[in-house]
> 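Got a structure for you, written out below as structure tokens; questions coming shortly.
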Amino acid sequence: MPPSSPRAGTGIGAGAGTDAAAHPPLLWPGEAEELRGKLAAAARGEAFLLHAGSGTPPGAVPRAEHVTRQLTLLAQGVVVLSYALGVPVVPVAELHAPPAGGHTGHAERTGPAGPAVAPDIHPTPASAVALNLVRAFGGGVRPDVSWAHELNRAFVASSPERARYEPLTGRIGSALSFLHACAGRSAVLPRPAVSRPALVDDSAPPPTCGSGGARWDLAGHLVWLHHSAGTGHVPAGADARIGNPVGVVVEADTTHDAVLTLIDRLDPERSAGRLTFLTRFGADRITDVLPELVQKVASTEAEVVWACDPWHRNRRDPAGVLAEAAAFVALHRTLGTHAGGLHLPAHAGTAGLPGALDLIFALAAVAPGRSR
């Protein structure tokens, strides 16, 4: 789950200076650079970002069951969407963890689709716990595609939409059998990258230097920030000075000028894969808001990834979740641009809301690729 908005008027940046510098890096700059390359492909329509929200409850230390649930969801989604879309799927897991001292400058909160507020201090120790679990899941003997496919088959067998989804899982099974016969072994799943909320300190310099003096946030591959709509504040201070890909949450009331200002501050060189815009417009607003925003961004020549979070604005409208996601795909197709990503909540379907796998299968069933 990308971060929800911080306190009104408060900027969020990439590092808390002295606290971050006191801890060793959790990843290498080359790993974040590799993700930028994959996101550049998503911006061109040659890949698809699948982002899974954190399964760790607010204020809790990440546990193996939280991270495993999150990564299993990503694995299942990768198999379905890779086949349906015909492009590589880039899995990214959000790491939300409490800060090292268990204190934040403001209360953390989540909602049914709601992301956690970024902590005021660097959450490196807890992030290290979660990242170790991610690496354990995707390292060594990496999970293979057949394992995730069997989980999908079990999901479909118990789904009310079984008749609709079963032909798709059958075709995926046939494709996997063919690949296994050709290669003599099962295909392995891609290793997930990790994202984390940007920190509230907007002024502290990023703590880590890479080759050539470049600075990187090495507590996560992708850093999320949230534009504080209505405050007139553009929170991009420290994030503008790191090499990591940066994700920006865009709401229906975010102005075009604010988005264009963020592009100029965060991506002045117009580098593909640098920026991801995660839209949360609601089923009732997306048709009015998205086309003009996409055209405004295209006029800047920035090559951004467009991703959708259809849960956030449709908490009381289960049909709206599917409607917003479908409209997101259809509008990009009409505009000649690329629907480049999807955010998945950590929760299963609750209170009548469709779960993440429900949406994945529903989108795959109408995808213009090989799903039919």
Side-chain angles (χ1 to χ4, degrees), residues 1-3 11-40 49 51-52 54 56 61-62 67 70-71 90-101 104 116 118-139 190-226 235-248 265-267 269 271 273-276 305:
M1 312 171 199
I12 51 180
T18 56
D19 186 69
H23 299 282
L26 303 183
L27 48 92
W28 296 105
E31 296 179 66
E33 266 190 311
E34 181 181 3
L35 179 60
R36 272 186 76 157
K38 292 177 179 179
L39 293 176
L49 168 65
H51 184 267
S54 173
T56 303
V61 174
V67 178
Q70 183 184 23
L71 298 179
V90 182
V92 178
E94 186 207 9
L95 300 184
H96 166 55
T104 61
D120 284 341
I121 61 175
H122 202 279
T124 302
S127 294
V129 172
L131 187 56
N132 283 341
L133 292 169
V134 171
R135 294 194 189 283
F137 185 91
R191 190 186 309 277
V194 299
S195 71
R196 71 173 187 85
L199 302 177
V200 172
D201 186 350
D202 193 40
S203 59
T208 305
C209 287
S211 59
R215 291 188 176 273
W216 298 84
D217 184 313
L218 299 184
H221 302 94
L222 171 67
V223 177
W224 284 105
L225 64 84
H226 191 296
D239 291 291
R241 304 192 294 275
I242 60 173
N244 303 60
V246 176
V248 180
R265 291 189 66 181
L266 292 168
D267 187 24
E269 297 180 0
S271 174
R274 164 66 167 170
L275 285 179
T276 294
V305 179

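Below, all heavy atoms of this structure are taken into account, side chains as well, without hydrogens, waters or symmetry copies. Note that the structure is predicted; figures quoted are calculated from it, not measured.
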> I need the minimum non-hydrogen distance between S195 and W224, along with the two atoms involved.
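Closest approach of S195 to W224: OG-NE1, 3.3 Å.
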> Give me the atom names and distance for the closest heavy-atom approach of A93 to L71.
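Shortest heavy-atom contact: CB-CD2, 3.8 Å.
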> Could you state the interatomic distance from CG (L222) to CG (L49), rounded to the nearest 0.5 Å?
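The CG atom of L222 sits 7.5 Å away from the CG atom of L49.
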> About how many Å separate CG of N244 and CZ of R196, when rounded to the nearest 0.5 Å?
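If we round to the nearest 0.5 Å, R196:CZ and N244:CG are 8.5 Å apart.
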> Let me see the working for H221 and E34 under side chain to side chain contact (heavy atoms under 4.5 Å, CB included), right down to the final yes or no.
CA-CA 9 Å; H221 302 94; E34 181 181 3; over 6 Å; no
> Given side chain to side chain contact (heavy atoms under 4.5 Å, CB included), test L27 with L218 step by step and report yes or no.
CA-CA 5 Å; L27 48 92; L218 299 184; 3.5 Å; yes
> CZ of R274 to CD1 of I242: how many Å apart, nearest 0.5 Å?
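Result: 6.0 Å between the selected atoms.
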> Among L35, T276, V194, L39, whose side-chain contact (heavy atoms from CB on, under 4.5 Å) with V92 holds?
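By the side-chain contact (heavy atoms from CB on, under 4.5 Å) criterion, V92 pairs with just one of L35, T276, V194, L39: L35.
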> Do S271 and R36 have side-chain heavy atoms sitting under 4.5 Å apart?
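Yes, at least one pair of side-chain atoms sits under 4.5 Å.
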> Closest heavy-atom contact between P245 and G273?
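Shortest heavy-atom separation between P245 and G273 comes out as CB-O, 3.6 Å.
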